[in-house]
Amino acid sequence: SSELDRHVQIMFIIETRNKGKADEFIVKLTEALDKKQSRKFEQSEKEGVTLYTSKGSSPMDDMVITRSGSMIYISNSEAEILRSIKLPKADSLASFKNYKDTLETKKKNRFSTIYINGDKYIELLKSMAATSASPLPLDESMYGGLTGIGLAVSVEDAGLSLDTATVVDP
């Protein structure tokens, strides 16, 4: 297990309008991953949610999928999903200033948003540099003040629009 495996937790949270369709999506996703990638998922119940878990060759390759309320969670860490589900609204990502500042730069009609916390991004870069076969130079001054990175997809007259923003606090 590498340094990267021990420290990096990845989570995607997808909001859905139809809980039944979300549950169907999760089942179809796990079946497709089994068929195309030979990923076997075990189903279990914990803290009021159904977890679909597939162990990878390292912790970074683990996959856990669940739905809680209107949110679908996909992560490599069951503990992080369960922790996120239990967070009070005041401690959720949507309440963080850096998250709000990053989203304010995006179009209001977006249908998909990706947010990357600046500190976590720098931590990931450091882990990757430390575990690389040929060490990567990492000039930390390049990332000073990075608070967040945002990507958003919206529908425009000519098709899809992908907008990005990097928010810094100098």
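Counting heavy atoms from C-beta on, the side chains of Ile72 and Phe12 never come closer than 4.5 Å. Residues Leu29 and Ile65 have side chains in contact (heavy-atom distance under 4.5 Å, counting atoms from C-beta outward). Residues Met63 and Leu33 meet the side-chain proximity criterion, which asks for heavy atoms closer than 4.5 Å. Put simply, the side chain of Arg67 reaches to within 4.5 Å of the side chain of Asp23, judged on heavy atoms. With a 4.5 Å cut-off on side-chain heavy atoms, Tyr52 and Val64 do not count as touching. Contact check for Gln43 versus Leu51: no side-chain heavy atoms found under the 4.5 Å cut-off.
The environment of Glu42 atom CD is sparse: at most 12 non-hydrogen atoms of other residues, nucleotides or ligands sit within 6.0 angstrom.
Here the OG1-CD distance, from Thr53 to Glu78, works out to 5.0 Å after rounding to the nearest 0.5 Å. In this structure, CD1 on Ile13 lies 10.5 Å from CD1 on Ile74, to the nearest 0.5 angstrom. Note that the CE atom of Met11 and the CG atom of Asn76 stand 8.5 Å from one another [nearest 0.5 Å].
Not counting sequence neighbours, the partners of Ser54 by the side chain to side chain donor-acceptor pair (under 3.5 Å) test are Arg39. Here Ser38 pairs with nothing under the side chain to side chain donor-acceptor pair (under 3.5 Å) rule; sequence neighbours left out. For Thr50, the side chain to side chain donor-acceptor pair (under 3.5 Å) partners are Glu45, not counting sequence neighbours. The side chain to side chain donor-acceptor pair (under 3.5 Å) check on Lys19 picks up nothing, with sequence neighbours excluded. A search for salt bridge (charged side-chain N to carboxylate O under 4.0 Å, His left out) contacts involving Lys55 returns Asp62, not counting sequence neighbours.
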Atom pairs and distances, side-chain donor-acceptor, residues 80-88, under 3.5 Å, sequence neighbours left out:
unit_1	atom_1	unit_2	atom_2	d
Glu80	OE1	Arg83	NE	3.2
Glu80	OE1	Arg83	NH2	2.9
Lys86	NZ	Glu47	OE1	3.3

